[in-house]
There are 2 protein chains.
Amino acid sequence: MTISAPVTRMKSGERRELILEAATEVFAETGYVGTTTADIARAAGVSQPYVVRLFGTKEQLFLDVIQRALDVLLAAFRGALDDATSDVPLGKRMALAYVNQLNQHGLLLSLMHAFVLGRDPVIGAAARAGFMKVYRFLRDDAGFDPLEVQNFLASGMLVNTMIGIDMVEDYDGDPDVRELMECAFPEKLDMVRALASQREQEQR
Amino acid sequence: MTISAPVTRMKSGERRELILEAATEVFAETGYVGTTTADIARAAGVSQPYVVRLFGTKEQLFLDVIQRALDVLLAAFRGALDDATSDVPLGKRMALAYVNQLNQHGLLLSLMHAFVLGRDPVIGAAARAGFMKVYRFLRDDAGFDPLEVQNFLASGMLVNTMIGIDMVEDYDGDPDVRELMECAFPEKLDMVRALASQREQEQR
DNA sequence: AGTCTAAGTAATCGATCGATAACTAATCAT
DNA sequence: ATGATTAGTTATCGATCGATTACTTAGACT
């Protein structure tokens, strides 16, 4: 009677990973509070109760999402740091490694949603800890001095904001938007625009 | 039978302004979706239905909040721009004008909550329009060239993030937090800290 | 072949929220 | 004074959401 979903089962660890990736996208789009566990379940192709059973609570799922995002980000930084073959200066390599994370669409933006909830006792504490982990990495491992770190983080937060505000949406219609974005995404504007139009295709 | 609230009536315009100010604080703390009209009503000392009747919908109230925030911010910029008596360079005057807005606690943060909802069709459009209004002011009225504007905005977004993540919460417990914040809030760190502890007092 | 474990779903519930309706009373204009 | 207007409330409703419970079945292991 009921239309059965495709019944290929996974091991729970593998399914968890899929759900984490789907949740990253959905949280990025609608924020922590604005995202329902049903939204995530739909995006991941499972039932809503299974999402909460795998992660306990929506809050825990969000914490796992931002934890994973930080792990991915720091791994990318480490990769750029260890890439000694390049003659590109370190600061620029790190900046490119950051902007490259926009390939996994929701990654930086889901972090941003956590950053803006600092007053929430548990999410806020996790967000601060994660942010400071990045700060310490840039200072201690990458060897930036505090002022360099600050400039790097500032540029990163502007990138996050431009993505969060979905500025590409107005790229074609407003020459000022174009001017600003060409300035804010060094060498990676084409990628950002391509991802945006790809996203638009998917939503049909 | 019921304990009557103090029955001094206001003209609706005046009450609207009070509610807008209260809503700015509450939206800043818990975000657009995470804030209920009842929360705002409580903060403003009126009933929940009256809030939605004065503004139509919660969405319209939020739009009015960020519109007002932008007006206040641009007025402050204009003030700093016109203050020709000072021998402080223009860039620094503008930066101080920005950080000074933290006096009205939720102002910059409520804007940040709008910036992060760019995919919402109506809030996103308003957020982009507001952001670009600031961009154009800095470029055309303040006379910054695009790169200066970009650096200015980047610093601003870092400030917003540090406030949103509530970094002051860990100021005393983590020397790295202290180092970062001293770097990020030029000359205004004392003010930020004072406001935070004042806020903590209020919540008892 | 049969059993047991783990993956997954359907059904449902209590709480919460934004909005509407219906009502009350203060203030203002004549 | 009184009637009209405007400021404000109480009560309530339909929708939504996260979570729980109880059930089903695919696949691994003897």
Side-chain angles (χ1 to χ4, degrees), chain A residues 1-23 26-27 29-66 110 113 117 120-123, chain B residues 1-23 26-27 29-66 110 113 117 120-123:
Chain A
M1 190 67 74
T2 58
I3 306 165
S4 295
V7 279
T8 28
R9 290 192 176 182
M10 288 178 179
K11 282 195 263 182
S12 70
E14 196 177 349
R15 185 67 82 185
R16 272 182 68 98
E17 194 57 36
L18 280 185
I19 295 177
L20 278 175
E21 286 170 26
V26 186
F27 276 134
E29 198 164 334
T30 43
Y32 172 58
V33 192
T35 297
T36 72
T37 54
D39 292 335
I40 295 168
R42 196 173 315 117
V46 296
S47 68
Q48 177 264 337
Y50 195 46
V51 170
V52 349
R53 198 160 85 172
L54 274 185
F55 294 89
T57 64
K58 173 179 157 181
E59 180 181 72
Q60 187 59 53
L61 168 57
F62 187 64
L63 292 173
D64 289 353
V65 163
I66 68 174
S110 60
H113 278 286
L117 293 182
D120 178 286
V122 15
I123 294 177
Chain B
M1 190 69 74
T2 58
I3 307 165
S4 295
V7 279
T8 27
R9 290 195 174 180
M10 290 179 176
K11 283 194 263 183
S12 70
E14 195 178 349
R15 185 68 82 182
R16 273 183 66 98
E17 194 56 36
L18 279 186
I19 294 178
L20 278 176
E21 286 169 27
V26 186
F27 277 134
E29 198 164 335
T30 44
Y32 172 57
V33 193
T35 297
T36 73
T37 54
D39 291 337
I40 295 167
R42 196 173 317 118
V46 296
S47 67
Q48 176 265 336
Y50 194 47
V51 170
V52 349
R53 197 158 89 171
L54 273 186
F55 293 89
T57 63
K58 174 180 155 179
E59 181 181 72
Q60 188 58 52
L61 168 56
F62 187 63
L63 291 173
D64 289 353
V65 163
I66 67 174
S110 60
H113 278 287
L117 292 182
D120 179 285
V122 14
I123 294 177

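All values derive from a computational prediction rather than experimental measurement. Residue numbering restarts at 1 for every chain, and letters A, B, ... go by the order of the sequence lines.
If you measure from atom CG of B/Leu61 to atom P of C/dG18, you get 10 Å, rounded to the nearest angstrom. Distance, B/Phe62 CZ to C/dG18 P: 13 Å, rounded to whole Å. A/Tyr32 places its OH atom 14 Å from the P atom of D/dC17, with the value rounded to the nearest Å. For the pair A/Phe27 CZ and D/dC17 C1', the interatomic distance rounds to 13 Å; values are reported in whole Å. The interatomic distance linking A/Gln60 (CD) with D/dG18 (P) rounds to 15 Å, in whole Å. Look at CG on B/Leu18: it is 14 Å from P on D/dA7, rounded to the nearest Å. Rounded to whole angstrom, the span from the NZ atom of B/Lys58 across to the P atom of C/dT20 amounts to 15 Å. Taking atom CZ of A/Phe55 as the reference point, atom C1' of D/dT20 lies 18 Å away to the nearest angstrom.
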Please list, pair by pair, any protein nitrogen or oxygen found under 3.5 Å from a nitrogen or oxygen in nucleotides 6-8 of chain C.
unit_1: C/dA7; atom_1: OP1; unit_2: A/Ser12; atom_2: N; d: 3.0
unit_1: C/dA7; atom_1: OP1; unit_2: A/Ser12; atom_2: OG; d: 3.3
unit_1: C/dA7; atom_1: O3'; unit_2: A/Met10; atom_2: O; d: 3.4
unit_1: C/dA7; atom_1: N3; unit_2: A/Arg9; atom_2: NH1; d: 3.2
unit_1: C/dA7; atom_1: N3; unit_2: A/Arg9; atom_2: NH2; d: 3.2
unit_1: C/dG8; atom_1: OP1; unit_2: A/Met10; atom_2: N; d: 3.0
unit_1: C/dG8; atom_1: OP1; unit_2: A/Arg15; atom_2: NE; d: 3.4
unit_1: C/dG8; atom_1: OP1; unit_2: A/Arg15; atom_2: NH2; d: 2.8
unit_1: C/dG8; atom_1: OP2; unit_2: A/Arg15; atom_2: NE; d: 3.4
unit_1: C/dG8; atom_1: OP2; unit_2: A/Tyr50; atom_2: OH; d: 3.1
unit_1: C/dG8; atom_1: N7; unit_2: A/Arg53; atom_2: NH2; d: 2.8
unit_1: C/dG8; atom_1: O6; unit_2: A/Arg53; atom_2: NH1; d: 3.3
unit_1: C/dG8; atom_1: O6; unit_2: A/Arg53; atom_2: NH2; d: 3.1

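Residues satisfying the side-chain contact (heavy atoms from CB on, under 4.5 Å) test with B/Asp120, not counting sequence neighbours, are B/Glu59, B/Val122, B/Ile123. Judged as a side-chain hydrogen bond (donor to acceptor under 3.5 Å, both in side chains), and not counting sequence neighbours, A/Arg15 has no contacts. Shown here are the salt bridge (Lys or Arg N to Asp or Glu O under 4.0 Å) partners of A/Glu21, two or more places apart in sequence or in another chain: there are none.
The distance from the NE2 atom of A/His113 to the CG atom of B/Leu117 is 6.0 Å, given to the nearest 0.5 Å. Atom CZ of A/Phe62 is separated from atom CG of A/Asp64 by 11.0 Å, given to the nearest 0.5 angstrom.
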Extract all donor-acceptor atom pairs below 3.5 Å that involve side chains of residues 42-54 of chain B and protein atoms in other chains or at least two apart in sequence.
unit_1: B/Arg42; atom_1: NH1; unit_2: B/Asp39; atom_2: OD1; d: 3.4
unit_1: B/Gln48; atom_1: NE2; unit_2: B/Thr37; atom_2: OG1; d: 3.2

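For the pair A/Lys58 and A/Tyr32, the cation sits on the ring face: its NZ or CZ lies under 6.0 Å from the ring centre, inside 45° of the axis.
The stretch residues 36-44 of chain A touches DNA chain D through A/Thr36, A/Thr37, each having a heavy atom within less than 4.0 Å of the strand.
When all heavy atoms of B/Ala23 and B/Leu61 are compared, the closest pair comes out as CB-CD1, 4.2 Å.
Comparing A/Thr57 and B/Pro49 along DNA chain D, the residue whose closest nucleotide (by nearest heavy atom) sits nearer the 5' end is B/Pro49.
The closest side-chain heavy-atom distance from B/Phe27 to B/Ile66 is not below 4.5 Å.
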